[in-house]
Chemist: 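What follows is a single structure, and I will ask about it in a moment.
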Amino acid sequence: MSNYHIKHLEEYYQVYRKSVRNPEAFWEEIAEEHFVWRKRWNNVLSWDFKKPEVKWFDGAQLNITENCIDRHLPTRGDKTAILFEPNDPKEEAEHITYRQLHQRVCKMANVLLEKGIKKGDRVCIYLPMIPELAVSVLACARIGAIHSVVFAGFSSNALATRINDSDCKLVITSDGSYRGAKTIDLKGIVDKALEGCPGVETVLVAKRIHSNIDMMPQRDHWLQPLLDDAYGDNVAEIMNAEDPLFILYTSGSTGRPKGMVHTTAGYMVYTAYTFKNVFQYREEDVYWCTADIGWITGHSYIVYGPLANGATTVMFEGIPSYPDFGRFWEVVQKHKVTQFYTAPTAIRALAKENLDYVEKYDLSSLKVLGSVGEPINEEAWHWYNNNVGKKRSPIVDTWWQTETGGIMISPIPYVTPTTPTYATLPFIGIQPALMDENGQEIKGNQVDGRLCIKFPWPSMARTIWGDHERYRDTYFSAYKDMYFTGDGALRDAVGYYRITGRVDDVIIVSGHNLGTAPIEDSINEHPAVAESAIVGFPHDVKGNALYGYIILKETGESRDKNNLRKEINQQITEQIGPIAKLDKIQFVSGLPKTRSGKIMRRILRKIASGDTSNLGDTSTLLNPEIVQEIMDEAL
Ligand code: WT7
């Protein structure tokens, strides 16, 4: 028997050692015993971090949807696969069984085929959290089309950039979406985006809010009539292990968003294996991850990981504050949720509200609580532990990234003793390293450094769509033969890891990864703006908020500053999305720069956080006098 389900700490250490000593033999055993393959691999792993090139299970053939759906039909056909909880609590929840999911995915696959989508084509999915989203993702995988899900909170500009970057031929969207008491005109956003996307031939539109929308003849089609006419079975396309499964965009510290490419077999094996262990998933459980499928958390731990294990996975359309701040707990009680996985920003927002919202509900079904997306602070950890877990449910603080595909550092609940704010131990097969500024590995415990990974793991991204060089430069050039995460971390006396945050120009706001460059580009397009610099500063709910330092052109000097602030945020909302709006905008006459012209963000960060006690050496700046001016007028 392979070590698919780890149940105690000695077993963790023993399996971990095995996975590091002989990774090929370890992963081969997991792959062999827990998945269905159309053809076996020739080679478990080949890799070279210099190129970089990584291949897992090369030569194998499979279809991930046969693993996530078809193989469960004989044993779990009538079990709920997806439990859809709508935005409005008065609307009934929908239990989609594995058999129904199979039929819906097959029908959607047949619609895509009928619209001319072939293996390898890119399909953009821009949908709210309704069943069609999961069904579309799986339908693409079924026919070998590469899905690119764009979070439906992104603006038309951001959507257009992503559609064009990967040449999507078809877009799946809806007439609109619900967000608490509001509705959002998704189709209008798509229409605007497509004005700049000549490659899109077809738009499929799901009906959700029944709004009156424009349909462009030839291009736009209502989805439901096509599904009604489609055949309810579909022969899955046979895929190679290393065929791309999906593209998912993530912000970089510079330039355009990066289309991270994930491939089929390794991603499947790793997300399934981590899901089973990190959530200690058992057959009768009801698992709920509150993320959106527009992010990697939703791909790996709402769709693929849970379904590969034959689990019941909750898909929640709503928000934590609607109709009131008790919504999460009402849903936990109603569906007897056993594993609950959310983000620190949600926990902090709910912790501010009256405890009655939590105490009103019976949360005794909960066995495991999860956290992901940013460091969880001690206060939020204790609130979660005391009030939601009632000190009975272990908290798994899971560290990972869009690029890693699956959870990398995390406790295993009921196995690893937890410590607040620590992601604790590397998961099976993961070999972290802490590096110093000279590129040397820092060995031993009670040390901190930059977090790298030394050895490939099955679900790592293989490239950036269309830009392999950028992939190499971003992740494999800072440290020789290592994957660089962009995070700092410390390792304590017992070898537990604590993630201390980004060491690059990525800022995590409410768990969303934002690059400074695209936001600055957007601000700089405003006619009154000459130059800008964005930094993060601590915020008690969002974790970080954005602080913008903006130099105006002469034409902007005489304008009303509050109006300008509004216009700049409006521009950011249109070009990137509301998540990237600035909390504070300070107009300045200059920015601190090094002699090579690089903005000294370190200084700006300190001023934004109100901590100017130790600004470090500013004498090497090109314009040291500006620092005092910025400090005097800081908001
Ligand atoms: C960045 C990746 C992985 C899914 C959601 C985010 C930060 C993520 C933790 C954690 C501290 C965390 C890191 C990482 N992060 N989880 N448990 N503790 N920091 O995916 O958008 O690709 O962001 O989120 O800084 O590099 P992402």
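Just so you know, these numbers come straight off a predicted model, no measurement behind them. Whatever order the structure lists ligands and atoms in, that order sets their numbers, starting from 1. Any value given below was found using the heavy atoms of this structure, including those in side chains, with hydrogens, waters and symmetry copies removed.
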Chemist: Answer with side chain, backbone, both or neither: which part of Ile296 has a heavy atom less than 4.0 angstrom from an atom of ligand 1?
Modeler: side chain
Chemist: Less than 4.0 Å is my threshold; does some heavy atom of Gly373 fall inside it relative to ligand 1?
Modeler: yes
Chemist: At under 4.0 Å between heavy atoms, is it the side chain or the backbone of Thr402 that contacts ligand 1, or both, or neither?
Modeler: both
Chemist: How are the rings of Tyr270 and Phe427 set relative to one another: parallel (under 30°), tilted (30 to 60°) or perpendicular (over 60°)?
Modeler: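 Perpendicular: the ring planes of Tyr270 and Phe427 meet at over 60°.
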Chemist: Among protein heavy atoms, which lies nearest atom 3 (C) of ligand 1, and at what distance?
Modeler: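 Protein heavy atom with the smallest distance to atom 3 (C) of ligand 1: Trp400 O, 3.1 Å.
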Chemist: Around atom 1 (C) of ligand 1, find the nearest protein heavy atom and jot down its residue, atom name and distance.
Modeler: Ile508 CD1, 3.7 Å
Chemist: Any nitrogen or oxygen of Arg502, main chain or side chain, under 3.5 Å from a nitrogen or oxygen of ligand 1?
Modeler: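 In this structure, Arg502 places an N or O atom under 3.5 Å from an N or O of ligand 1.
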Chemist: What protein heavy atom sits nearest atom 4 (C) of ligand 1, and how far off is it?
Modeler: Thr297 OG1, 3.1 Å
Chemist: Where is the nearest protein heavy atom to atom 11 (C) of ligand 1: which residue, which atom, and how far?
Modeler: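 The closest one turns out to be Pro375 N, 3.1 Å.
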Chemist: Which residue is it: Thr65, Val137, Thr313? I am looking for the one with a side-chain contact (heavy atoms from CB on, under 4.5 Å) to Tyr304.
Modeler: Val137
Chemist: Is it the side chain (CB and beyond), the backbone, both or neither of Thr404 that lies under 4.0 Å from ligand 1, heavy atoms counted?
Modeler: neither
Chemist: Is it true that Asp505 and Arg605 make a salt bridge, defined as a side-chain N closer than 4.0 Å to a carboxylate O?
Modeler: yes
Chemist: Under a 4.0 angstrom heavy-atom cut-off, which atoms of ligand 1 come close to Asp397?
Modeler: 10 (C), 17 (N), 18 (N)
Chemist: I'd like to check which ligand 1 atoms, numbered from 1 as shown, lie under 4.0 Å from a non-hydrogen atom of Thr398.
Modeler: 9 (C), 10 (C), 16 (N), 17 (N)
Chemist: Taking only residues two or more places apart in sequence or in another chain, which ones pass side chain to side chain donor-acceptor pair (under 3.5 Å) with Gln575?
Modeler: Ser522, Glu525
Chemist: Do Met435 and Ile442 touch side chain to side chain, with heavy atoms closer than 4.5 Å?
Modeler: no
Chemist: Under 4.0 Å, counting heavy atoms only: does Trp295 come that close to any atom of ligand 1?
Modeler: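 Trp295: no contact with ligand 1 (<4.0 Å).
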Chemist: Check His512 against ligand 1 and report side chain, backbone, both or neither, counting heavy atoms closer than 4.0 Å.
Modeler: neither
Chemist: Who gets closest to atom 14 (C) of ligand 1 by heavy atom: Asp487, Asn513, Ile407?
Modeler: Asp487
Chemist: Any idea which part of Glu374 is under 4.0 Å from ligand 1, heavy-atom wise: side chain, backbone, both or neither?
Modeler: backbone
Chemist: Return yes if some donor-acceptor pair links the side-chain N/O of Tyr287 with the main-chain N/O of Tyr301 below 3.5 Å, else return no.
Modeler: yes
Chemist: Once you measure the plane-to-plane angle for His147 and Phe246, does it fall in the parallel (<30°), tilted (30-60°) or perpendicular (>60°) bin?
Modeler: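 Answer is parallel, since the angle falls under 30°.
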Chemist: Within 45 degrees of the axis of the six-membered ring of Tyr479 and under 6.0 Å from its centre: does Arg450 put its NZ or CZ there?
Modeler: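 Relative to the ring axis of Tyr479, which defines the angle, Arg450 lies outside at least one limit.
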Chemist: Report yes or no: does Tyr384 contribute a side-chain atom to a donor-acceptor pair with the main-chain N or O of Ile347 at less than 3.5 Å?
Modeler: no
Chemist: Minimum heavy-atom separation for Val388 to Leu366, with atom names?
Modeler: CG1-CD1, 3.7 Å
